[in-house]
Asker: 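Structure provided below as structure tokens; questions to follow.
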Amino acid sequence: MLPTHGIGGAQDLPIPASYAITGAGVALVISFGVLLVAWRRPRFDGAGAGRPLPAPLAGLIESTWLSIVARVIGIVLVGYAAWAMIWGPDLALNPIFGIVYVLLWVGLVPASLVLGPVWRAISPLRTFHLGIAKVAGTSPREGLVALPSWVGYWPATVGLFAFVWLELVNEEANYLTTVQTWFAVWAAALIIGAAVFGDVWFERADPFEAYSTLIAQLSPVGRRSDGQLVWQWPLVHLDAFAPSPSRVAVVAVLLGSTAYDSFSRSQHWVRFSQAVLIDMTLLGTLTLLAFCVFVGVTFSLGTMATAVPADLRRRQLPALFAHSVVPIIVGYVIAHYLTLLLEFGQQVLIQLSDPMVTGANLLGTADWTAVYFLSEQPTTLATIKVLAVLAGHILGVIAAHDRAVRLLPRGHQATGQLALLVVMLVYTVGGLYLLFSG
């Protein structure tokens with residue numbers, strides 16, 4: 001499997017790991033206390049707030065030619081990946097594994113934070129579907145039938161679980177045939193679904209688009225309810241997150257799988273897997289599922305353990321607070337995969353032009369030398385990990401608090417958040433413990 005942690009573990013923290021974990025929990029509680037005193041009315045309005053973008057920039061973002069450029073970039077990138085996947089050597093130096101598990105999966109996070117829902121813009125399958133619709137003289141939005149509203153993002157949830165299972169559980173994840181099979185099924189499911197339901201199927205079923213769009217809720221450019229493109233602070237943009245029960249499942253898979261990744265590389269997993277006499281793939285699958293279910297269930301219980309306003313039902317609350325998990329996901333991705341992206345990502349860029357793969361130094365990167373600047377500063381790296389997790393949780397608490405003072409009955413705006421605070425404390429302490437227990 002690809003390396004994920006680099007170095008920068010508990011022993012490299014400037015203070016004992018137990019102090020750092022305890023301090024993070026205390027900081028979260030203090031932040032909540034400050035919010036109770038200083039933040040007594042809702043301040044975020046993702047649907048109506050924001051400073052309009054300058055007309056030239058807004059026009060550029062919405063221009064047809066920029067859309068065409070993005071689609072061409074997507075076709076070129078995926079074309080290279082498809083070539084490496086189908087005709088590249090069945091060797092570890094084949095860049096397809098780094099392209100999929102590093103540049104695509106991890107790289108989507110910073111790309112979406114900066115550029116917005118970037119996968120939607122470059123998706124090659126959206127482009128293919130659009131081309132088919134143009135040839136047929138139909139609208140890409142039209143399908144044979146309308147997509148039922150109850151479907152939500154459940155197809156994307158299944159796709160996300162399938163991908164993290166491929167990466168984290170499947171012992172043949174670094175075999176070409178395995179990657180080929182996964183992406184063949186992915187492409188067929190999306191193209192057939194889009195033919196039946198129209199291009200809304202990509203939004204609801206493509207795991208990479210669902211992931212990118214979720215993270216893009218923290219990007220600086222949003223769209224108000226009147227359609228105007230605006231500059232927004234990330235948490236204001238996050239407030240416009242469209243609630244859906246199935247999106248609770250999406251965030252549960254993303255957060256749960258990252259926690260499982262930490263656990264599966266720890267001594268706890270070694271002892272646990274040796275003590276349970278069942279097939280390792282089955283054990284990994286059940287454990288990964290358990291982590292995702294744990295996140296989904298505990299978060300749902302934490303949000304529902306409060307008085308319910310008259311115009312809402314209790315079961316609606318998890319979806320209305322699901323946006324608060326997005327900063328936590330980003331914090332864990334930074335903590336968990338920073339060295340993978342910045343350092344192993346360099347190796348992937350070198351492999352893209354490796355003459356043993358391509359026959360020539362096509363991109364001019366084959367002579368590059370990877371610089372392991374973070375791994376050479378383990379104390380700095382360990383500190384970044386703690387701060388990333390803590391910052392993600394504090395931002396999550398702020399987002400949840402703002403939503404609580406907007407939705408919950410006045411007498412329950414403080415006590416109604418206590419259960420969710422406990423859940424976030426469990427995520428913080430447990431996440432840091434797993435992160436540094438490898």
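Just so you know, these numbers use all the heavy atoms, side chains as well, and skip hydrogens, waters and symmetry mates.
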Asker: Donor-acceptor pair, T178 side chain versus E172 backbone, under 3.5 Å?
Answerer: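 Side chain of T178 to backbone of E172: a pair is present.
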Asker: Hey, what do you get for CD1 (I278) to OG (S273), rounding to the nearest 0.5 Å?
Answerer: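 One finds 10.0 Å between CD1 of I278 and OG of S273.
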Asker: Whether the side chain of D199 engages the backbone of R126 through a donor-acceptor N/O pair (distance < 3.5 Å, no angle test) should be reported.
Answerer: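 Side chain of D199 to backbone of R126: no pair is present.
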Asker: Check whether R247 reaches the backbone of A242 with its side chain - one donor and one acceptor, N or O, closer than 3.5 Å.
Answerer: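 Yes; at least one donor-acceptor contact below 3.5 Å.
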Asker: Taking R403 for the side chain and L320 for the main chain, is one N or O donor matched with an acceptor at less than 3.5 Å?
Answerer: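 Yes; at least one donor-acceptor contact below 3.5 Å.
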Asker: Is it the case that H336 and T258 place a side-chain donor and acceptor less than 3.5 Å from each other?
Answerer: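 Side chains of H336 and T258: no pair found under 3.5 Å.
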Asker: So, do L283 and W269 sit near enough that their side-chain heavy atoms are less than 4.5 Å apart?
Answerer: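 The answer is yes; the side chains approach within 4.5 Å.
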Asker: Just verifying a value: how many Å separate I61 CD1 and L53 CG, rounded to the nearest 0.5 Å?
Answerer: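 I61 CD1 to L53 CG: 5.0 Å, rounded to 0.5 Å.
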Asker: Side chain to side chain donor-acceptor pair (under 3.5 Å) with D206: which of W201, W186, Y211?
Answerer: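 One option only clears the test, and that one is W186.
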Asker: What is the distance from atom CG of D45 to atom OG of S225, rounded to the nearest 0.5 Å?
Answerer: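 Answer rounded to 0.5 Å: 7.5 Å.
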Asker: Any donor-acceptor pair under 3.5 Å linking the side chain of E209 with the backbone of A205?
Answerer: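 The answer is no, because no donor-acceptor pair under 3.5 Å joins these two groups.
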Asker: Are there over 12 heavy-atom neighbours, none belonging to W233, within less than 6.0 Å of that residue's CH2?
Answerer: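 Open.
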Asker: Strictly distance-based, threshold 3.5 Å: is any side-chain N or O of S300 a donor or acceptor partner for the main-chain N or O of V297?
Answerer: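 Judged by distance alone, no pair lies under 3.5 Å.
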Asker: Run the side-chain contact (heavy atoms from CB on, under 4.5 Å) test on I384 and T380 for me, step by step, so that the C-alpha distance in whole Å, both residues' side-chain angles and the decisive distance to 0.1 Å come before the verdict.
Answerer: CA-CA 6 Å; I384 290 173; T380 300; 4.0 Å; yes
Asker: Please evaluate residues V102 and F97 with respect to the criterion side-chain contact (heavy atoms from CB on, under 4.5 Å), reporting the C-alpha separation (whole Å), side-chain torsions for both, the decisive distance (0.1 Å), and the verdict.
Answerer: CA-CA 8 Å; V102 181; F97 306 110; over 6 Å; no
Asker: Under a 4.5 Å cut-off applied to non-hydrogen side-chain atoms, are H268 and Y433 in contact?
Answerer: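 In contact.
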Asker: Distance from L103 atom CG to L340 atom CG, nearest 0.5 Å?
Answerer: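 Taking CG in L103 and CG in L340, the distance rounds to 9.0 Å.
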Asker: Among side-chain atoms of T298 and Y427, is any donor-acceptor pair under 3.5 angstrom?
Answerer: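 Side chains of T298 and Y427: pair found under 3.5 Å.
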Asker: Does the pair Y80 and I99 meet the rule for a side-chain contact (heavy atoms from CB on, under 4.5 Å), with working shown?
Answerer: CA-CA 10 Å; Y80 178 92; I99 291 172; 3.9 Å; yes
Asker: Would the distance check show the side chain of S246 and the main-chain N or O of Y153 forming a donor-acceptor pair, the cut-off being under 3.5 Å?
Answerer: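 Yes; at least one donor-acceptor contact below 3.5 Å.
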Asker: Between F272 and F263, how do the two ring planes meet: parallel, tilted or perpendicular, split at 30° and 60°?
Answerer: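 Rings of F272 and F263: tilted, 30 to 60°.
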Asker: Anything under 30° is parallel, anything over 60° is perpendicular, the rest tilted; go ahead and classify Y101 against F163.
Answerer: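 Plane angle between 30° and 60°, so tilted.
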Asker: Hey, could you give me the CG/OG1 distance between L407 and T303, rounded to the nearest 0.5 Å?
Answerer: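 So the CG of L407 and the OG1 of T303 are separated by 11.0 Å.
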Asker: With a sphere of 6.0 Å drawn around CZ of R51, does it hold more than 12 non-hydrogen atoms of other residues, nucleotides or ligands?
Answerer: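 No - once you tally the heavy atoms of other residues, nucleotides and ligands closer than 6.0 Å, there are 12 at most.
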Asker: Any chance the side chains of Q180 and Y175 put a donor and an acceptor closer than 3.5 Å?
Answerer: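 Judged by distance alone, the side chains do not pair up.
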Asker: May I ask you to decide if T281's main-chain N or O and E171's side chain share a donor-acceptor pair within less than 3.5 Å?
Answerer: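 Between the backbone of T281 and the side chain of E171 there is no qualifying donor-acceptor contact (under 3.5 Å).
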Asker: Given 3.5 Å as the limit, does a donor-acceptor pair link the side chain of H237 with the main chain of P220, or not?
Answerer: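 Not a single qualifying donor-acceptor pair exists.
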Asker: Among R406, Q417, R43, find the residue that satisfies the side chain to side chain donor-acceptor pair (under 3.5 Å) test when tested with H401.
Answerer: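 Result: among R406, Q417, R43, Q417 is the only option passing the side chain to side chain donor-acceptor pair (under 3.5 Å) with H401.
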Asker: Looking only at heavy atoms, which two atoms of L374 and E343 are closest? And how far apart?
Answerer: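 The pair with the smallest heavy-atom distance is N-OE2, 2.8 Å.
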Asker: Considering only heavy atoms from C-beta outward, does the side chain of V325 approach that of V295 to under 4.5 Å?
Answerer: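 They are not in side-chain contact.
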Asker: Keeping the roles fixed (side chain from S219, backbone from I215), state whether a donor-acceptor pair exists under 3.5 Å.
Answerer: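 Between the backbone of I215 and the side chain of S219 there is no qualifying donor-acceptor contact (under 3.5 Å).
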Asker: Does L28 form a side-chain contact (heavy atoms from CB on, under 4.5 Å) with I394? I'd like the steps, not just the answer.
Answerer: CA-CA 6 Å; L28 197 65; I394 290 177; 4.1 Å; yes
Asker: Please check if any side-chain donor atom of W165 sits under 3.5 Å from a side-chain acceptor atom of T285, or the reverse.
Answerer: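 Yes, side-chain donor-acceptor contact under 3.5 Å.
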Asker: Nearest 0.5 Å please: distance from the OH atom of Y332 over to the OH atom of Y337.
Answerer: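 Output value for this atom pair is 12.5 Å.
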